[in-house]
Amino acid sequence: MANEEIARIFYEIADLLDLEGVRFKPEAYRRAARTLEQLPSEVRTLKDPQAIRALPGIGEALSLKIEEYRETGKVPYLDRLREKWPPGLLEIMRLEGVGPKTTRRFHQELGIADLAGLKAALEAGQLDHLAGFKARKVELLRRALSQAGTVGLPSGGGRRIPLPEAQRMADELMAAFRASGVPVDRLVYAGSLRRRREDVGDLDLLATTRGDPRSVMEAFLHLPPVREVRLSGETKTTVVLDGGLQVDLRVVAPEAFGAAWQYFTGSKDHNIRLRTLAQQKGWKINEYGLSRGEERTAAPTEEAVYAAVGFPWIPPEIRENQGEFEAALEGASPGRSSLGTSGGSSTSMPPPPSGRGTSTPGSGRPGARSSGTWGSSSGPRTWPRARSGWRGSAGACRGWWEGSGSSSRWRPPSAAQRRGRGRSGPGPTCGSPGREGPGGPCPRPLARGSAGPGPICSSTPRMDPSRRRV
DNA sequence: CATTAGT
DNA sequence: ACTAATG
């Protein structure tokens, strides 16, 4: 009867619908599940049927299923779905790197129904004949499978760890990173750690640099506690530490710090909400800054991001899309309580966000609180004019900033480098055999082939990002 | 290009 | 909502 139980049911329905290839429902169920999980304990029993439908993300259909469950202890909808799909498929789908599409192919093309079946097929070499399944992917699968066998990994391959412990590890890792002498100027943590959730599933680190992001990535890969590199590109790297904890690092130009920190701090729901709100004002927000049409604006501080959408800086602890936007509006402009009022102010444009990096309120160390106008009536102030913008267009965001001064030069990878193999490129971030760093051999996602160090970051980066939909 | 993953 | 890495 607890909310947790219903949430779990909704999650399972979502997974099964994913398996079916259904489009929007899964996310709807997950959203509902998340709000159920986050309900304050007093409401945990969900006594008031009326109140249920008022909850965010829960409408008629879902509230009915909750009612059903409360009265009969069953949700027929779930039972029907369960009959269609063997339960083992869900475990397969939870393997690292395996999603609904792949799972369904296993099932339909090879008749695989559970982890054991997958393992057998793998050993029998059946997977090699599956289109799109080559040595590397098979190897990835083997790893994922072996991990799934050992510890009872609930999902995503990792257990969550308590905040204090996560904090300790983050601090140590950041210290080690700094000590390695990389040219990062800012280095902060983000994600659920910064939001101070009770426990966190992974660590999210953000660094800025004016130099070559790839050298930053490389230094990171060689940190002592790094056991495995899941993936590594020029702006984003994912590793797994010795303890099994996953760490994501993103590297951006200093001008994008605010936007990136905001993005990386989340929560996901908060970000989606913020971005749709921005959309309504004509802005597009991503981790590099803001854009409106051809107009590009830097976001060196988080405040600049929120200000563009008409909000004061919102403390990380409450960025869960659980009413913080509404609360912020009330605080910022008492008298207007509704977000949907496009009425009177529809003609006014959002204030141009900042492009100057001099004052950085609310963007100090993660622990630091901004001068704290949260809930007060002092809204965002005037922002200095941006002095730099994206070169190229949105989508070309590997945002290369051109300092109009001498401030920043965020260099794009050259076309030659991006195409990789060719003549000139400096090659993979993590050296070829023989060029391992001091920290020992270069860790990498997998041995390519079966033995011998190969290029770690096999990334042959993508095509020219300067293409944009209009 | 599609899949997976990330906030 | 919007982006990155990868085969």
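Note that the structure is predicted; figures quoted are calculated from it, not measured. A, B, ... follow the sequence lines: proteins, then strands. Residue 1 opens every chain.
- Rounded to an integer number of Å, the gap from CE of A:Met93 to P of B:dT4 is 10 Å.
- In this structure, A:Glu20 pairs ionically with A:Lys84, as a charged nitrogen and a carboxylate oxygen lie closer than 4.0 Å.
- No contact: A:Arg105 has no heavy atom under 4.0 Å from any strand.
- Note: CD (A:Glu287) to C1' (B:dG6) measures 9 Å, nearest angstrom.
- Between A:Arg94 and A:Glu91 there is no salt bridge, since no side-chain N of the basic residue sits under 4.0 Å from a carboxylate O of the acidic one.
- When the salt bridge (charged side-chain N to carboxylate O under 4.0 Å, His left out) test is applied to A:Asp202, no partner is found at least two apart in sequence or on another chain.
- When rounded to the nearest whole Å, the span between CG of A:Asp18 and P of B:dA5 equals 11 Å.
- Listed nucleotides: B:dA5, C:dC2, C:dA4. Nearest to the side chain of A:Glu96: B:dA5.
- In this model, the phosphate group of C:dA4 is approached by a side-chain N or O of A:Tyr288 to a distance below 4.0 Å at OP1 or OP2.
- Taking the ring centre of A:Phe257 as origin, the terminal cationic atom of A:Arg186 falls inside the region bounded by 6.0 Å and 45° from the ring axis.
- For B:dA5, neither phosphate oxygen OP1 nor OP2 lies less than 4.0 angstrom from any side-chain nitrogen or oxygen of A:Lys236.
- Going from atom CD of A:Glu302 over to atom P of B:dT7 covers 16 Å, rounded to whole Å.
- Taking atom CD of residue A:Gln262 and atom P of nucleotide C:dT3, one finds them 14 Å apart after rounding to whole Å.
- A:Thr102 comes within contact range of the sugar-phosphate backbone alone, with a heavy-atom separation under 4.0 Å but no base atom that close.
- Residues in residues 10-19 of chain A take part in these side chain to side chain donor-acceptor pair (under 3.5 Å) pairs, two or more places apart or across chains: A:Tyr11-A:Glu37, A:Glu12-A:Arg82, A:Asp15-A:Arg30, A:Asp18-A:Arg30.
- Residue contacts for A:Ile285: at a heavy-atom cut-off of 4.0 Å it reaches the sugar-phosphate backbone alone, with no base atom in range.
- A:Thr238 comes within contact range of no nucleotide atom at all, as no heavy-atom separation falls under 4.0 Å.
- No side-chain donor from either of A:Arg319 and A:Ser267 sits under 3.5 Å from a side-chain acceptor of the other.
- Proximity note for A:Arg250 (side chain, C-beta onward) versus B:dT7, C:dA1, C:dA4: the nearest is C:dA4.
- Nucleic acid contact for A:Tyr263: base, since at least one base atom lies under 4.0 Å from a heavy atom of the residue.
- Taking atom NZ of A:Lys137 as the reference point, atom C1' of B:dA5 lies 13 Å away to the nearest angstrom.
- Between the NZ atom of A:Lys284 and the P atom of C:dA1 there is a distance of 13 Å, given to the nearest Å.
- Listed pair A:Lys134 / C:dG7 fails the phosphate criterion, with no side-chain N or O lying under 4.0 Å from OP1 or OP2.
- Counting to the nearest Å, the P atom of C:dA5 and the CG atom of A:Asp248 are 12 Å from each other.
- Taking 4.0 angstrom as the limit, A:Gln279 places a side-chain polar atom (N or O) nearer than this to OP1 or OP2 of C:dC2.
- At a threshold of 4.0 angstrom between heavy atoms, the contacts of A:Asp202 are confined to the sugar-phosphate backbone, with no base atom among them.
- Counting any heavy atom pair closer than 4.0 Å across all strands shown, A:Lys101 reaches sugar-phosphate atoms only and no base atom.
- The phosphate of C:dA1 (OP1 or OP2) has no side-chain N or O of A:Asn271 nearer than 4.0 angstrom.
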